[in-house]
Amino acid sequence: MRVLVTGGAGFIGSEIVRTLGSAGHEAVVFDALLPSAHGGSPSPPGGSDGLIVADVRDREAVDRALRGIDVVCHQAAMVGLGKDFADAPDYVGCNDLGTAVLLAAMAGAGVRSLVLAGSMVVYGEGRYDCVRHGPVRPGPRAEADLAEGRFEPRCPACGSDLVPGLVGEDAPVDPRNVYATTKLAQEHLAASWARATGGRAVALRYHNVYGPGMPRDTPYAGVASFFRSSLARGESPRVFEDGGQRRDFIHVQDVANANAVALEAVAGRGPGSFAAYNTGSGQPHTIGEMAEALASAHGGPAPVITGEYRLGDVRHVTADSRRLRDELGWQPEVGFADGMARFAAAPLRAAPAGLPA
């Protein structure tokens, strides 16, 4: 199988390329090498069939890259919350316009199989239960509450404390920041493309991915990268809120394996089909627990709970990934303690251009 991997020189994409190569597939890497994600001039990942340096919004470059391709693995995107709303045009342009250009080119080239890098951020807050009212969906947290240190969402009907649980793929979507909105739009575009062309698309809704090769010292990286970068500088990880935010941390190796499984399965799905799968470890942990595990494995310094907050962050969101396991046979292999110990000693990607190393 010959696979075009957009964003294939990035943190997750390069691990996918190596995994595909080990499985005997040919991977063609297509990457714009955005300064926000890359330091220096990276070489093609091991197992790739070369590196095409181009923007996914460049239709001519995408048309050339699709020649001889069987399936597309679309990882290219701007990620994270960014700096502020001024980033919105860049997120929409890169993530949504880029996806639209890619899908239009696939339609013209007759490539009918797609695996898309989705995200758990499309859900907004995760699943909650009230002891009196059952499952509820709290609205966005008020800035006044956050400023006073009231971080937990409350039942919108009675104001009681809520119990967080696992969110399934059939949960209503509720993106609460620009990045989340663009990730949901990517899914809608993929579903529309599949219906219009008879294509087959799968979206893997990644939870918090971590592992070797994460970019360091960039506002667009994930929280694990922030903490690991701090430790590399000899500084304490700064944990926002009270550290009690629940997440599902999944190792990049497991995410790459999920993509490999999905790429082999997508061609066998029915024409015009789209399916989304949560892709998480199934082992929820708090951000505070992650910071402590990472700092301990690194040898310190210990994390600091700051009470700071960011509007647009959600309190709890953790995955129910049974559908991916049951339907595609995927299983995560890297446990939390082992993964954090390995990550604490792993090299990070060089700082992006213009940022301190």
- Side chain proximity check, Pro215 to Leu348, heavy atoms < 4.5 angstrom: no
- Report the distance from atom CD of Gln253 to atom CD of Glu333, rounding to the nearest 0.5 Å. 6.5 Å
- Query: So, do Glu241 and Arg141 sit near enough that their side-chain heavy atoms are less than 4.5 Å apart?
  - Reply: yes
- Task: Could you note down all residue pairs passing ring pair (Phe, Tyr, Trp, His ring centres under 6.0 Å) where residues 193-216 supplies at least one of them, sequence neighbours left out?
- Result: Tyr210-His251, Tyr210-Phe343
- Query: How would you list all residue pairs meeting side chain to side chain donor-acceptor pair (under 3.5 Å) that involve residues 155-167, not counting sequence neighbours?
  - Reply: Arg154-Asp161
- Item | Donor-acceptor under 3.5 Å (Arg18 side chain, Gly13 main chain) | no
- Message: Test question: given the 4.5 Å side-chain rule for I, L, V, M, F, W and Y, name all other residues clustered with Val304, or answer none.
- Response: none
- Under a 4.5 Å cut-off applied to non-hydrogen side-chain atoms, are Thr306 and Arg238 in contact? yes
- Query: Can you tell me if Asn278 and Ser321 form a side-chain donor-acceptor pair at under 3.5 Å?
  - Reply: no
- Could you check Leu4, Thr6, Ile16 and say which one makes a side chain to side chain contact (heavy atoms under 4.5 Å, CB included) with Cys73? Ile16
- Message: Side chains of Asn257 and Gln331 only: does a donor on one sit below 3.5 Å from an acceptor on the other?
- Response: no
- Query: Roughly how far, to the nearest 0.5 Å, is CG of Asp96 from CE of Met78?
  - Reply: 12.0 Å
- What pairs meet the ring pair (Phe, Tyr, Trp, His ring centres under 6.0 Å) rule with one or both residues in residues 263-300, with sequence neighbours excluded? His285-Phe336
- To which residues is Tyr128 joined in a hydrophobic cluster, defined by side-chain heavy-atom contacts under 4.5 Å among Ile, Leu, Val, Met, Phe, Trp and Tyr, whether direct or through other members? Val136, Leu162
- Backbone of Pro164 reached by a side-chain donor or acceptor of Arg127 within 3.5 Å: no
- Message: Is there a side-chain contact between His316 and Pro284 in this structure, where contact means two heavy atoms from C-beta onward sitting under 4.5 Å apart?
- Response: no
- Message: Could you check whether atom CD of Glu308 has more than 12 heavy atoms from other residues, nucleotides or ligands sitting under 6.0 Å from it?
- Response: yes
Can you list, pair by pair, the side-chain donor-acceptor contacts under 3.5 Å of residues 62-70, counting residues two or more places apart and other chains?
from, atom 1, to, atom 2, distance (Å)
Asp63, OD1, Arg59, NE, 2.9
Asp63, OD2, Arg59, NE, 3.3
Asp70, OD2, Arg2, N, 2.7

- Query: Quick one: does Tyr123's side chain get under 4.5 Å of Asp174's, heavy atoms only?
  - Reply: no
- Query: Do Leu263 and Ser113 touch side chain to side chain, with heavy atoms closer than 4.5 Å?
  - Reply: no
- Query: Quick one: are Arg247 and Thr286 in side-chain contact, heavy atoms under 4.5 Å?
  - Reply: no
- Task: Go through Arg315 and Glu152 one step at a time and tell me if the salt bridge (charged side-chain N to carboxylate O under 4.0 Å, His left out) criterion holds.
- Result: CA-CA 7 Å; Arg315 180 63 176 175; Glu152 292 291 343; 3.0 Å; yes
- Message: Ignoring hydrogens, what is the shortest heavy-atom contact between Cys130 and Cys158? Give both atom names and the distance.
- Response: SG-SG, 3.7 Å
- Does a side-chain heavy-atom distance below 4.5 Å link Tyr309 with Asp313? no
